There are 2 protein chains.
Amino acid sequence: MDDLDRHIINELRLNGRATYAELGRTVGLSASAVHERVGKLESGGVITGYHATVDPSSIGLGVTALVGIQPSDNAEDNEVAIKLGELVEVESCWAVAGDEAFVVKVRVPTVDELERTLGRLRRIDGVARTRTTVVLSTRFEGRPNTETGE
Amino acid sequence: MDDLDRHIINELRLNGRATYAELGRTVGLSASAVHERVGKLESGGVITGYHATVDPSSIGLGVTALVGIQPSDNAEDNEVAIKLGELVEVESCWAVAGDEAFVVKVRVPTVDELERTLGRLRRIDGVARTRTTVVLSTRFEGRPNTETGE
DNA sequence: GTTGAAATAGACCACTA
DNA sequence: TAGTGGTCTATTTCAAC
């Protein structure tokens, strides 16, 4: 992993559909060389995927919330995490230090559906309580970090 | 926006580098038709971008934290949000309901750097206190929601 | 890593249901 | 108003160097 790799990664974080030819022009390599490097980054687990980002409200997911998951005494974290992942409303899941075992980000169409989702979360075995922070607006999200390349 | 659009969107959320021909095969349209639909979804602000996802620790960002930002009495939220966005360590920023004005996700190389970042956050005008939740592991993040398509 | 050639995909067109 | 199929150009991909 050298500066060229970091440069390529950063370009792909900004534009995941950049062609190898484009990448080659911006980093100063041939398309073939970029192709080979990207393949190694993918198979090496550095690049884990490519995803279109979508305006959530455009697909009917206008309500976002951050929910802290407080575990019950007998909770088995890995099982709880699996259960959390089974709910499609749960978009992200972080295991955290502190009173709570996890913080999850949920996205739902309405506050009614949020209420139902919180009920589902609380019914998971190993979940004692939830603490919900409603997101009023997403100022930015998943912003590419620019310190790793030009 | 019909079911075909939703299907295309979902495919692109799963694989942002899918070709128009591939998309056409999965949704049952010609590549041209998919091309046109995707163009409209992009210009209509439904698809907001394409991004490679990268294993953070592979690019030297092994420490993640969620930080609640408590505003001072005279705080102007929009200005605070702009300042938050100027820190490259801040990857996501949500304005939230409750005591805190924002929750941000920060990613840094080390806990030392986390400490410095928290100092930078606290020095922002309009920030009274921060509350930090250290992420022990990311179980999943930005997982495509599957309820909008097959 | 590079170049060059064949296969593939993208972009744009006129035509059509 | 979309969608189709054809055409041309650019890109991907694989070979040899």
Side-chain angles (χ1 to χ4, degrees), chain A residues 1-62 109 142-150, chain B residues 1-55 57-60 142-150:
Chain A
M1 161 93 75
D2 59 8
D3 282 346
L4 284 169
D5 280 339
R6 276 184 278 272
H7 198 164
I8 291 168
I9 288 168
N10 232 59
E11 291 299 318
L12 283 172
R13 291 182 75 186
L14 293 167
N15 175 16
R17 281 182 85 82
T19 66
Y20 297 122
E22 280 171 345
L23 292 169
R25 283 189 287 272
T26 50
V27 308
L29 285 177
S30 68
S32 312
V34 172
H35 184 243
E36 190 178 335
R37 279 170 178 263
V38 170
K40 284 180 181 166
L41 291 168
E42 286 167 359
S43 59
V46 178
I47 294 174
T48 54
Y50 303 89
H51 307 280
T53 54
V54 174
D55 172 44
S57 60
S58 295
I59 55 171
L61 296 173
R143 189 174 62 124
N145 182 308
T146 52
E147 75 185 329
T148 51
E150 184 220 325
Chain B
M1 161 93 74
D2 59 9
D3 281 346
L4 284 169
D5 280 340
R6 276 183 279 273
H7 198 161
I8 292 169
I9 287 168
N10 231 59
E11 290 300 318
L12 283 171
R13 291 182 77 189
L14 293 167
N15 175 16
R17 283 182 85 82
T19 67
Y20 296 121
E22 280 170 345
L23 292 169
R25 281 189 288 274
T26 51
V27 307
L29 284 177
S30 68
S32 315
V34 173
H35 184 243
E36 191 177 335
R37 278 172 177 264
V38 171
K40 283 179 182 169
L41 291 169
E42 287 168 357
S43 59
V46 178
I47 294 175
T48 54
Y50 302 90
H51 306 280
T53 53
V54 175
D55 172 46
S57 60
S58 295
I59 56 171
R143 189 174 63 125
N145 182 309
T146 51
E147 74 185 332
T148 52
E150 184 219 325

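All values reported here derive from a predicted model rather than from experimental measurement. Naming convention: chains lettered A, B, ... in sequence-line order (proteins, then strands); numbering from 1 in each chain.
- Here the closest non-hydrogen pair linking B:Glu11 and B:Thr26 is CG-OG1, 4.0 Å.
- Residue A:Tyr20 forms a side chain to side chain contact (heavy atoms under 4.5 Å, CB included) with just one option from A:Val34, A:Leu29, A:Ile8, and that option is A:Val34.
- Taking every heavy atom of both residues into account, A:Ala52 and B:Ile47 meet most closely at CB-CG2, 4.3 Å.
- The nearest pair of heavy atoms linking A:Val46 to A:Ile9 is CG1-CD1, 3.7 Å.
- What you find for B:Ser58 and A:Gly45 is that their closest heavy atoms are OG-O, 4.2 Å.
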Output one line per pair: protein atom, nucleotide atom from nucleotides 11-16 of chain D, and distance, for all N/O pairs under 3.5 Å.
residue : atom : partner : partner atom : Å
D:dT11  : OP1  : A:Arg25 : NH2          : 3.3
D:dT12  : OP1  : A:Tyr20 : N            : 2.7
D:dT12  : OP2  : A:Tyr20 : N            : 2.9
D:dT12  : OP2  : A:Ala21 : N            : 2.8
D:dT13  : OP2  : A:His35 : NE2          : 2.5
D:dC14  : N4   : A:Ser32 : OG           : 3.1

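- As a whole-Å value, the separation of B:Glu42 CD from C:dG10 P is 12 Å.
- B:Arg37 has its CZ atom 9 Å from the P atom of D:dT4, to the nearest Å.
- For the pair A:Leu29 CG and C:dT3 P, the computed distance is 11 Å after rounding to whole Å.
- Residue B:Asp2 contributes atom CG, which lies 13 Å from atom C1' of D:dG3 at whole-angstrom precision.
- Atom CG of A:Leu23 and atom C1' of D:dA10 are 15 Å apart (whole Å).
- Rounding to whole angstrom units, CD of residue B:Glu36 and C1' of C:dT16 are separated by 14 Å.
- A donor-acceptor distance shorter than 3.5 angstrom exists from the side chain of B:Arg17 to the backbone of A:Ala18, with no hydrogens or angles considered.
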